[in-house]
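No experiment lies behind these values; they were computed from the predicted model shown. Naming convention: chains lettered A, B, ... in sequence-line order (proteins, then strands); numbering from 1 in each chain.
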Amino acid sequence: MNAKVPMKQELSSLIEQSLAALISQGKLPEDASPKVMVEDSKDKAHGDYASNIAMVSTKLAKQKPRDWAQEIINNLPDSPILSKAEIAGPGFINFFVTEAASLSVINTIFEQGSKFGHNDSGKGQKVQVEYVSANPTGPLHVGHGRGAAVGDCISRLLLANGWDCTREFYYNDAGAQINNLALSVQARCKGLGPEDASWPENGYQGHYITELAESFMKGETVESADQSFTGTKDADDVDGIRHFAVAYLRREQDLDLKAFEVDFDVYFLESSLYEQGNVEEAVQTLIKNGFTYEDGGALWLKTTEFGDDKDRVMRKTDGGYTYFVPDVAYHLNKWKRGFGRVINEQGSDHHSTITRVRAGLQALKMDIPEGWPDYVLHQMVMVMKGGEEVKISKRAGSYVTLRDLIDQVGLDATRYFLAARAPSSQLTFDIDLALSQSNDNPVYYIQYAHARICSILRKLSSETLHWDLSNGLAKIDALVEEQEKSLANKLARFPEIVKAACTANAPHMIANYLHELAGDFHSYYNNHKTIVDDADLRDARITLTQAVRQVLVNGLDLLGISAPQEM
RNA sequence: GCGCCCGUAGCUCAACUGGAUAGAGCAUCGCCCUUCUAAGGCGAGGGUUACAGGUUCGAUUCCUGUCGGGCGUACCA
C-alpha cells in the first residue's frame with residue numbers, strides 16, 4: 001500500500017474499480033458515473049469507513065439498494081488495506097481496514113513533520129484576506145478581536161493549502177467619523193466634556209479621548225507603523241488634531257494587534273485612494289457607464305440594477321462621497337493587483353456594504369465576476385461576567401476592548417474562544433468560565449494533551465531509557481489495541497479537515513478536531529501505559545504519541561495558539 | 001414592513017455541506033491517583049434539533065410558511 005495516499009481516496013478508488021467492472025458486465029449504464037463518497041464511521045460497529053454509493057446509484061442499477069450493495073462488494077478488487085466490507089442499514093457499505101493500513105499514517109506524519117496536513121491545492125493562486133479594518137477612532141473591541149482571530153486563522157489555513165496569501169488591513173482614515181474624532185479630541189483640548197453644551201453631537205466619550213488630547217497639548221510625538229506626527233499644542237488646529245489622533249489611535253491598535261499576535265502584510269489607507277485619484281477615477285467610470293443620476297443635489301448609483309432594494313447616494317450634497325464609494329475604488333485596486341480571490345472578514349453589522357460594493361464593481365464593467373469578492377461575516381460577541389453582560393470598559397467607555405480580554409484570560413484562551421465557533425453564530429464570551437475555572441477551559445484541555453505527551457519523553461529520560469524512532473516505526477504493528485487504531489484513523493483525518501476548513505472558511509473546524517483528538521489521546525493515555533518494559537511496544541507507543549503531538553502542534557499553529565511543553 | 005444571520009441537552013457550542021442510535025464541554029450525580037502530569041479518565045441522567053408542512057431511500061442540514069432573537073434597512077462606517 002502507498003502510505004501517501006489517504007485511506008478514503010484509496011477506498012474510493014476500489015469502489016470505482018468495482019463500478020467499472022459492473023459497467024463492463026452490463027449491470028450499470030456505460031455513461032454512469034455516480035459520485036463516490038467515503039465517510040468516517042461514527043460507530044465502530046460500522047467499521048472504519050462507510051460509503052453510500054449503493055444508495056445513490058441504486059436507481060441507475062435498477063436494483064434494490066442492499067442487493068446492489070452486495071454486487072458492488074462482490075466486484076471490489078483485492079486490496080491489502082481492506083479486511084472486510086459488509087452491507088448495513090438501508091444499503092451502506094461498511095469498510096473495515098487492516099491495522100497496518102490505519103497505522104501507515106504514522107509514517108507519513110514523521111516524513112512530513114510540520115507540513116503534515118498541508119497541501120498545495122491553492123498553488124500558484126493569489127488570495128487576499130482583509131480583516132479587522134477598524135476605523136482609527138478608538139481601541140479595538142471584542143468584535144474586532146473576533147474578526148482578527150477568524151481572519152488570521154483563515155489566512156493560516158490558506159497558506160497551509162498552498163495559496164499565495166496576502167493579509168490586509170484597511171484603515172478608514174478619511175470621512176465623517178474621523179472628523180467626529182477630531183472634533184471630540186478638540187473639545188477635550190479645550191477642556192470641554194460631554195456635559196457642556198458645545199460638546200460635539202455624537203462625539204466620542206471614551207477616556208482615551210482625554211488621554212489623546214492631553215498628549216496633543218503636551219506636544220508629544222506619536223509614531224505608528226507608517227506615520228509620525230507631533231502634537232502642535234494648538235487646540236484650534238483641527239487638521240493637526242486629526243492627523244495626531246489618527247496616528248495615535250493607529251499606534252494604539254497596532255499594539256492591540258501585536259498583543260493578539262496578529263500580523264498584516266499590507267496596511268491600506270483609505271486616504272491614499274483619494275490622494276492617488278482612484279476614487280475620482282472610479283466615480284467617472286460609473287458616470288460614463290450610465291449607472292448614475294443626480295437627484296436632490298446628490299449623485300446616486302443605480303444599485304437597484306444589481307439587486308439592491310433601493311439606489312444609494314454616492315456623492316452627498318456637501319460634496320463628500322459616502323463610505324462605499326472609496327470601498328469600490330479599493331476593491332478595484334485589489335482586482336487590479338491580481339487577486340482572483342478576495343475574502344473580506346467583517347462584522348455582520350456591515351453586511352449591507354456587500355450589495356453596494358458588488359454593485360459598484362459590476363457597474364464598472366471591468367469583467368469582475370458577479371460574486372466577487374467573498375465575504376465571511378461574523379456575528380456579534382457578547383461578553384459575560386458574573387452572569388451579566390459587560391458593556392463598559394474603563395478606557396473605551398462604551399465597549400469591552402480586546403486588550404481587556406487578553407489581559408484577563410490570556411492570549412491563547414482569547415484566540416481559542418473567538419475562533420472556535422462558527423463565525424455565523426452569535427458568540428457568548430464568558431469571562432468567568434475562561435478565568436475563574438481556567439482548568440475547565442477547552443484550550444487547556446488541548447494544550448494539556450500536548451504537555452502530557454512531552455512529559456512522557458521527560459519521564460523516559462529520567463528512567464535512563466530512550467526512544468528509538470526507527471525501531472518504533474519498524475515495530476509499529478505492535479500496536480494492536482482498538483484505541484491505537486482509532487487514534488491513527490483520527491490522525492489520518494487531519495489533512496482533509498485542513499482542506500475542508502479552508503474551503504469553508506471555517507477555522508472552528510480545526511478547533512473542534514483538536515478537541516476530539518485531545519480527548520482520544522487522554523482516554524488512550526489513561527488506559528494504556530506508554531512506558532512499558534517491552535522495548536518494541538514501548539517504541540511503537542511513543543512513536544504513536546509523538547505523531548499525535550505533531551498533529552496537535554500543526555493544528556494549534558493553524559489557530560495561532562501555543563503548544564506548551566509543560567503546564 | 002423589507003433584507004441578511006441565527007434558533008440543537010439546564011448553559012456554551014459541534015455535527016465532516018443530505019446519511020445509520022444528533023455529539024462534546026460546563027453544570028448535576030456515582031466511581032478511578034503506592035502506575036508516564038487528576039488541568040485527566042470511566043459511568044449515569046439530561047433532546048419532538050423553535051413550530052407546521054414539503055422535497056426523497058434518508059432532513060439538524062435543502063424549499064415554503066409561522067413564532068422568537070440579533071444585525072441592517074443613513075446624503076454614518
Side-chain angles (χ1 to χ4, degrees), chain A residues 37 39-43 45-46 50 52 55-56 58-59 64-65 88-92 94 133-135 137 172 175-178 180 202 270 296-300 308-310 312-324 327 347-355 377-380 382 384 417 420-430 433 437-442 444-445 447-449 451-460 462-463 493 496-497 500-501 503-504 506 508-509 511-513 515-516 518-519 521-527 529-532 541-542 545 566-567:
Chain A
M37 278 177 58
E39 300 176 308
D40 302 87
S41 306
K42 288 174 188 165
D43 189 336
H46 296 147
N52 60 358
M55 281 132 74
V56 297
T58 185
K59 279 183 181 168
K64 290 178 185 170
F92 287 101
N94 289 337
S133 294
N135 293 344
T137 53
N172 295 91
Q177 294 299 341
I178 298 299
N180 186 12
N202 298 320
E270 179 187 15
L299 183 68
W300 296 70
D308 205 352
D309 51 2
K310 59 190 267 195
R312 305 291 168 177
V313 169
M314 291 173 63
R315 190 171 55 221
K316 299 178 275 184
T317 48
D318 70 2
Y321 290 114
T322 54
Y323 66 92
F324 84 93
D327 229 17
S348 64
D349 54 336
H350 287 184
H351 79 259
S352 61
T353 66
I354 298 175
T355 314
L377 302 179
H378 64 257
Q379 296 289 314
M380 301 294 95
M382 183 174 67
M384 297 283 289
F417 276 108
R421 305 300 186 211
S424 59
S425 303
Q426 289 170 38
L427 173 64
T428 302
F429 198 117
D430 190 335
L433 194 79
Q437 303 181 315
S438 63
N439 48 342
D440 297 324
N441 196 322
Y444 292 140
Y445 184 80
Q447 291 180 319
Y448 181 46
R452 261 187 158 173
I453 295 170
C454 293
S455 83
I456 294 173
L457 286 188
R458 283 194 296 271
K459 177 70 177 178
L460 192 71
S462 79
E463 294 184 5
R493 287 196 62 188
E496 63 192 78
I497 295 286
T503 43
H508 71 283
M509 290 173 67
N512 290 333
Y513 170 81
H515 197 263
E516 282 176 26
F521 169 75
H522 284 308
S523 178
Y524 171 65
Y525 178 91
N526 274 275
N527 278 307
K529 209 156 156 47
T530 311
I531 301 177
V532 292
R541 284 190 171 166
I542 298 174
T545 60
E566 48 190 318
M567 299 180 71

* Sequence neighbours excluded, which residues qualify as side chain to side chain contact (heavy atoms under 4.5 Å, CB included) partners of D327(A)? -> Y170(A), Y330(A), H331(A), V357(A)
* **Footprint string (nucleotides 14-19 of chain B, 5' to 3'): B base within contact, S backbone only, - free, heavy atoms under 4.0 Å** => SSBB-B
For nucleotides 42-49 of chain B, print each protein N/O atom paired with a nucleotide N/O atom at under 3.5 Å, atom names and distance only.
{"unit_1": "rC42(B)", "atom_1": "OP1", "unit_2": "S523(A)", "atom_2": "OG", "d": "3.0"}

* To do: Taking ring-ring contact (aromatic ring centres under 6.0 Å, His included) as the test, write out the residues that go with H522(A), two or more places apart.
  => Y445(A), Y448(A)
* Pairing residues for D309(A) by the salt bridge (Lys or Arg N to Asp or Glu O under 4.0 Å) criterion, not counting sequence neighbours -> R312(A)
* To do: Give the intermediate values and the outcome of side-chain contact (heavy atoms from CB on, under 4.5 Å) for residues R458(A) and E566(A).
  => CA-CA 10 Å; R458(A) 283 194 296 271; E566(A) 48 190 318; 3.5 Å; yes
* To do: With sequence neighbours left out, write down each residue that passes salt bridge (Lys or Arg N to Asp or Glu O under 4.0 Å) with R315(A), or none if nothing qualifies.
  => E294(A)
* Asked: Taking only residues two or more places apart in sequence, or in another chain, which ones meet Y525(A) in a side-chain hydrogen bond (donor to acceptor under 3.5 Å, both in side chains)?
  -> none
* For rU17(B), does the O4'-C1'-N9-C4 (purine) or O4'-C1'-N1-C2 (pyrimidine) torsion place it in syn, i.e. within 90° of 0, or in anti? -> syn
* Any residue meeting salt bridge (Lys or Arg N to Asp or Glu O under 4.0 Å) with D349(A), in chain and number order, not counting sequence neighbours -> none
* **Partners passing ring-ring contact (aromatic ring centres under 6.0 Å, His included) against F92(A) (at least two apart in sequence or in another chain)** => none
* With respect to the phosphate group of rC36(B), does any side-chain polar atom (N or O) of S455(A) fall under 4.0 Å of OP1 or OP2? -> no
